[in-house]
Peer 1: 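Handing you a structure now.
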Protein chains: 2
Amino acid sequence: MDRHRTEKNETKSAQGRPTLKMLAFMTGLGVTTVSRALKDAPEIGAETRRRVQLVAKQIGYRPNRAGVRLRTGRTNVISLVLNTDREIMSFVSDIIYGVSEVLAETPYHLIVTPYSRSQDPMEPIRYLVETGSADGVIISRTQPNDPRARYMLEHGMPFATHGRTEMGLVHPYHDFDNHAFAMGAVRRLASMGRRRLALLSPPPGLTYHAHTVNGFADALSEVGASEIPFNTVSIDNTIEQIRTRTAQLMRRDIRPDGFVSSAAAATLALVAGIEDAGLVLGRDVDVVSKQSADLLHLFRRELLVVNENFRMAGAELARSVLGLIGGAEPGTLQRLVVASDVQAFSPPAAV
Amino acid sequence: MDRHRTEKNETKSAQGRPTLKMLAFMTGLGVTTVSRALKDAPEIGAETRRRVQLVAKQIGYRPNRAGVRLRTGRTNVISLVLNTDREIMSFVSDIIYGVSEVLAETPYHLIVTPYSRSQDPMEPIRYLVETGSADGVIISRTQPNDPRARYMLEHGMPFATHGRTEMGLVHPYHDFDNHAFAMGAVRRLASMGRRRLALLSPPPGLTYHAHTVNGFADALSEVGASEIPFNTVSIDNTIEQIRTRTAQLMRRDIRPDGFVSSAAAATLALVAGIEDAGLVLGRDVDVVSKQSADLLHLFRRELLVVNENFRMAGAELARSVLGLIGGAEPGTLQRLVVASDVQAFSPPAAV
DNA sequence: CTGGCTATCTGTAACGTTTCAGTATATGGA
DNA sequence: TCCATATACTGAAACGTTACAGATAGCCAG
C-alpha cells in the first residue's frame with residue numbers, strides 16, 4: 001500500500017543514469033560498500049573492490065556531481081574570474097585554453113565568472129566564497145595590495161593569481177618577469193642608438209605596472225638614456241586614445257626615438273599614432289613590444305618583440321590551484337617566468 | 001537520547017549559509033511554505049509572502065545550487081562548447097563576453113566545455129547530455145549535417161548553434177550572412193576594377209563555407225569577374241601555411257588582383273604572403289576581409305573590411321538558449337545578421 | 001448542522017552521495 | 001572456553017531542495 005516504500009527488487013533495469021543504489025543492487029552489496037570500493041578504501045576486500053569497479057565501468061557509472069556536492073561541499077569546479085571589458089583579447093582565450101588543457105584530465109570543470117566595468121572586483125569573489133560555488137579560483141589583474149587575495153586567504157578559498165601581490169602573504173602565483181622584460185627592451189633600444197625612450201605601460205594599480213616601470217627606469221640609468229614621460233595613457237586605454245596620444249607626443253619637438261610597449265594590441269595603436277605623425281618605424285623610432293601570438297611581425301616587420309605565453313600561464317595557474325587543493329605548500333606553487341630575448345624579424349624560409 | 005533528532009529550536013544563529021530551514025525557523029513557518037513564498041507560488045498569503053521575502057533578503061539567502069540540482073535536475077548552467085585549437089582567438093573572448101553579459105542577469109552560470117584536436121566533437125556533447133551537466137548548450141563550428149545538433153535534439157537538450165544546419169530540423173541559431181558578405185566583397189572589388197578574384201574561405205565542412213563560396217561565385221558571375229582557385233588553404237590553417245601558399249599563388253603568371261578573406265587573423269597572413277611576393281596592397285591587389293575587432297585598418301590602411309560582431313552573437317545565442325529553456329518556439333529563435341557594407345579606411349579626425 | 005468548498009499552511013519523502021556507528025564473522029591469545 | 005581484535009561489510013542519517021498528499025480553519029449553500 002505504501003507508495004513510497006522503495007522496494008529493493010526493482011525490476012526495471014534500463015533506468016536512467018546509473019547510481020550507487022543501482023550498482024549496489026547489481027552487485028548484491030550495500031551502497032556504502034560500493035561507494036567505498038569505488039574510491040579504493042582500505043576496508044574493502046580486494047575481490048569485492050575489483051568486482052564493483054568492473055561493474056561500474058561496464059554500466060558507465062559516473063558520480064552525480066550534485067549528490068557529491070551536496071554531501072561534501074566539494075564542487076569540482078575551478079572558477080576563472082575575468083574582467084569583461086578590460087582583459088586583452090588574446091589573453092582571455094589563451095589563458096582559458098591553458099586552464100582547460102589541465103582540467104581536462106581531472107574531474108574538475110572550468111567555470112568563467114565575469115565582472116564588468118561598473119562592478120566592484122570583489123563582488124564575484126564574494127559570490128564564489130559565500131555560495132561555495134568553486135573549489136578554487138584563478139584571478140588576474142593582480143594588485144600589490146589585492147583585497148581579493150586577502151579575502152580568499154582569510155576565508156580559506158584556494159586560489160592562484162596571475163601576477164604577484166606584495167602583502168607579505170604567501171599564495172600561489174604565476175608571473176612574467178616584466179622587470180627583466182623592460183630592462184631587456186631598453187638595452188636593446190639603447191644598443192640601436194636610441195636615447196630618448198618612452199614606456200607604454202600596464203595600467204597603474206596592477207602589480208606589474210611597477211615591475212615594468214622599475215625595470216624601465218633601472219635600465220635607463222644603466223645605459224644612460226633618458227625618459228620621455230608617456231604616462232597619460234596605458235595599455236588599458238582604447239585603441240583610439242593610445243593612437244591620438246601617441247600622435248600628439250610624436251609631434252612635439254622633444255619626442256621619443258624608442259618605445260617599450262607592454263601589449264600587442266596597444267602596440268598596433270602606438271604604431272598607428274607614430275605614423276599619423278608622419279614618422280617612420282625603424283628610421284625615426286623603434287618599438288619593442290610584448291606579444292602573446294606571433295602577429296606583430298606581420299604587422300610591421302621593423303617591430304621588436306618579446307613573447308609572453310598566456311596559454312602556459314593558464315596551465316600553470318590551473319596546476320597551482322589543483323596543487324593547493326591537494327594540500328601542497330602554497331610557497332612551492334609560485335613561478336616567475338623569465339623574459340626571453342628581444343626578437344627582431346627574421347624572414348621566413350624561401351618557398 | 002537520540003543524537004540524531006534535529007531539534008527545531010536551534011540556538012546557534014550565526015550558522016554558515018542561510019538555508020530554507022533557517023528561514024523557516026526565523027519566520028515560524030514550515031520549509032515548504034518558505035520555499036513556495038520565495039517563488040511567488042499562488043497558494044501563499046500575500047503578507048506571508050512579503051514577510052518571508054523580506055527576511056530572506058535581510059539574511060542574504062541564496063538557494064543552494066546543489067540542493068536544487070539534486071532535487072530538480074536543473075543545473076542553472078549553460079555550457080559553451082569550444083574547440084580548443086581551432087577557434088579563432090578573438091572569436092572566443094568576444095563570444096564569451098556576449099554570453100556572460102546575458103547570463104549575468106540570470107541565475108545561470110557559464111561553463112566552458114573544451115575539446116581538442118584529437119577528440120571527437122561529439123564527446124563533450126555526449127558528456128553534457130549523459131551527465132546532465134547543463135540545462136542548455138551553445139555550439140559553434142556548425143556543419144550542414146551536424147551530429148551534435150541531431151543528438152541534442154533527440155535527447156531533448158536545449159541548444160543554439162552559431163551558424164545554421166541543413167538537416168530540415170528546426171533549432172535556434174545565430175548566423176552571419178556570409179553569402180551576402182561574399183557578394184558585397186566581390187562587388188566592391190569589381191567596382192575597383194579587380195577582375196581575377198580569389199577566396200580565402202572558411203574550412204570546408206562548416207556550413208558557412210558553402211554560404212561564402214556560393215556568395216562569392218554568385219557575385220562573380222553577376223559582375224563578370226573570374227575566380228583564381230585558392231582552395232588548398234582555409235582560414236583554419238596556420239599563419240605560416242596561409243602565408244607561404246599565398247606567396248606561391250602570387251608568384252604565378254596568372255594571379256589574383258583581389259582577395260576575399262573570411263577572418264582577420266588569416267588576412268594578416270594573407271597580406272604577409274602578398275608582400276613576400278613583392279606585390280603591393282592597394283596597387284597590385286586589393287583585399288576585403290571580415291574582422292571582429294577594428295584592427296585591420298591599423299595593420300594596412302588599404303584593407304577593406306566588413307565587421308562581424310561576435311559579442312552580439314554570443315549574447316544572442318545565450319538569449320536563444322534561455323528562451324528555448326523557457327519554452328519559446330525554436331523557430332522564433334533564429335537570426336540571420338545581414339552583413340554591413342564594405343568599409344574603406346577613413347583617417348581619424350585631426351588632433 | 002452537515003458537507004463541501006477555498007485559502008493557507010505543513011510533514012514527509014526523495015534526489016545521490018558520504019560518513020557515523022555499528023554488526024557479523026573469523027582469528028588468535030590466554 | 002572466553003575475550004579481544006581485525007576484517008569486511010551494512011543501515012541510517014544528513015546535506016538543501018521541491019513536490020506530493022494532506023491538514024486546519026473559515027465560509028457558504030443546502
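Residue numbering restarts at 1 for every chain, and letters A, B, ... go by the order of the sequence lines.
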Peer 1: Scan residues 46-61 of chain A against DNA chain C and write down, sorted by residue number, each residue with any heavy atom closer than 4.0 Å; if none is found, say none.
Peer 2: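 Under 4.0 Å from DNA chain C: A:Y61.
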Peer 1: Please check if the side chain of A:R164 supplies one atom and the backbone of A:T207 the other of a donor-acceptor pair under 3.5 Å.
Peer 2: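 Not a single qualifying donor-acceptor pair exists.
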Peer 1: Ignoring hydrogens and angles, tell me if any N or O in the side chain of A:R17 forms a donor-acceptor pair with the backbone of B:T131 under 3.5 Å.
Peer 2: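 Pair found, side chain donor or acceptor close to backbone of B:T131.
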Peer 1: For a quick test of your reading: what N or O donor-acceptor pairs under 3.5 Å do the side chains of residues 59-70 of chain B make, sequence neighbours left out?
Peer 2:
{"residue": "B:N64", "atom": "OD1", "partner": "B:A66", "partner atom": "N", "Å": "2.7"}
{"residue": "B:N64", "atom": "OD1", "partner": "B:G67", "partner atom": "N", "Å": "2.9"}
{"residue": "B:R65", "atom": "NH1", "partner": "B:H109", "partner atom": "ND1", "Å": "3.4"}
{"residue": "B:R65", "atom": "NH2", "partner": "B:N76", "partner atom": "O", "Å": "3.1"}
{"residue": "B:R65", "atom": "NH2", "partner": "B:P107", "partner atom": "O", "Å": "2.8"}

Peer 1: Should we count CD of B:E43 as having more than 12 external heavy atoms under 6.0 Å?
Peer 2: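 Yes, because the 6.0 Å sphere around CD of B:E43 holds more than 12 heavy atoms from other groups.
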Peer 1: Nearest to the side chain of A:V68, which nucleotide is it out of D:dG11, C:dT17, C:dC9?
Peer 2: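 Nucleotide nearest to A:V68's side chain: C:dT17.
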Peer 1: C:dT17, D:dG11, D:dG16: which one has an atom nearest the side-chain heavy atoms of A:P63?
Peer 2: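 Side chain of A:P63 sits closest to C:dT17.
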Peer 1: Give every donor-acceptor pair under 3.5 Å between a side-chain atom in residues 311-322 of chain B and any protein atom, sequence neighbours left out.
Peer 2:
{"residue": "B:R311", "atom": "NE", "partner": "B:E101", "partner atom": "OE2", "Å": "3.2"}
{"residue": "B:E316", "atom": "OE1", "partner": "B:H174", "partner atom": "ND1", "Å": "3.4"}
{"residue": "B:E316", "atom": "OE2", "partner": "B:R335", "partner atom": "NH1", "Å": "2.3"}
{"residue": "B:S320", "atom": "OG", "partner": "B:E316", "partner atom": "O", "Å": "3.0"}

Peer 1: Test of understanding: with side-chain contact (heavy atoms from CB on, under 4.5 Å), list the residues that count as partners of A:V81, not counting sequence neighbours.
Peer 2: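 side-chain contact (heavy atoms from CB on, under 4.5 Å) list for A:V81, sorted by chain: A:S79, A:T113, A:Y115, A:P124, A:I125, A:L128, A:V137, A:I139.
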Peer 1: For A:R74 and A:D135, indicate whether the former's side chain and the latter's backbone hold a donor-acceptor pair under 3.5 Å.
Peer 2: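 No; zero donor-acceptor contacts below 3.5 Å.
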Peer 1: When the distance from CZ of B:R62 to P of D:dT17 is rounded to whole Å, what number comes out?
Peer 2: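 In whole Å, D:dT17 P and B:R62 CZ are 13 Å from each other.
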Peer 1: Nearest-Å distance, CG (B:N64) to C1' (D:dC15)?
Peer 2: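 From B:N64 CG to D:dC15 C1': 8 Å.
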Peer 1: Between atom CG in B:L70 and atom P in D:dT17, what is the gap in whole Å?
Peer 2: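 Rounding to the nearest Å, CG of B:L70 and P of D:dT17 are 12 Å apart.
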Peer 1: In whole Å, what is the span from the NZ atom of A:K21 to the P atom of C:dG16?
Peer 2: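 Interatomic distance, NZ of A:K21 to P of C:dG16: 7 Å.
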Peer 1: Measure CZ/A:R65 against C1'/C:dC15 and give the value in whole Å, please.
Peer 2: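 In whole Å, C:dC15 C1' lies 17 Å from A:R65 CZ.
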Peer 1: Could you state the CD1-P distance from B:I44 to C:dC9, rounded to the nearest angstrom?
Peer 2: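 The distance from CD1 of B:I44 to P of C:dC9 comes to 6 Å, rounded to the nearest Å.
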Peer 1: Under 4.0 Å, counting only non-hydrogen atoms across every strand here, what does B:T19 touch: a base, just sugar-phosphate, or nothing?
Peer 2: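 Sugar-phosphate: the residue B:T19, judged by heavy atoms under 4.0 Å, touches backbone atoms but no base.
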Peer 1: Which parts of residues 36-43 of chain B get close to DNA chain C, meaning a heavy atom less than 4.0 angstrom away?
Peer 2: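 B:R36, B:E43, in order of number.
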Peer 1: Mind checking if B:T33 touches a base, just sugar-phosphate, or nothing, with heavy atoms under 4.0 Å?
Peer 2: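 Base contact.
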Peer 1: At under 4.0 Å between heavy atoms, what does A:G132 touch on the DNA or RNA strands: base, sugar-phosphate, or nothing?
Peer 2: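 Counting heavy atoms under 4.0 Å across all strands, no contact is made by A:G132.
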Peer 1: Is a donor on one side and an acceptor on the other found under 3.5 Å between the side chain of A:R148 and the backbone of A:S140?
Peer 2: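 Checked: pair present.
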Peer 1: Round to a whole Å and report the spacing from CG of A:L20 to P of D:dG11.
Peer 2: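 After rounding, the reported distance stands at 14 Å.
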Peer 1: For residues 31-40 of chain A, run the donor-acceptor check on the side chains, cut-off 3.5 Å, and write out each pair with its distance to 0.1 Å, sequence neighbours left out.
Peer 2:
{"residue": "A:D40", "atom": "OD1", "partner": "A:Q53", "partner atom": "NE2", "Å": "3.0"}

Peer 1: Quick one: the side chain of A:T32 and the base of C:dT19, do they pair up donor-acceptor inside 3.5 Å?
Peer 2: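 Yes, the side chain and the base share a sub-3.5 Å donor-acceptor pair.
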Peer 1: Give, for atom CD1 of A:I96 and atom CG of A:L103, the distance between the pair rounded to the nearest 0.5 Å.
Peer 2: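 Reported value, rounded in 0.5 Å steps: 11.5 Å.
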Peer 1: What nucleic acid atoms does B:T72 come within less than 4.0 Å of, heavy atoms only: base, sugar-phosphate, or nothing?
Peer 2: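 Sugar-phosphate, backbone atoms only, no base.
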Peer 1: How long is the line joining CG of B:N76 and C1' of D:dT17, in whole Å?
Peer 2: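 Rounded to whole Å, this separation is 12 Å.
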Peer 1: Assign each of A:V31 and A:G45 to its nearest nucleotide of DNA chain D by heavy atoms, then name whichever residue's nucleotide is nearer the 5' end.
Peer 2: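 In this pair, the answer is A:G45.
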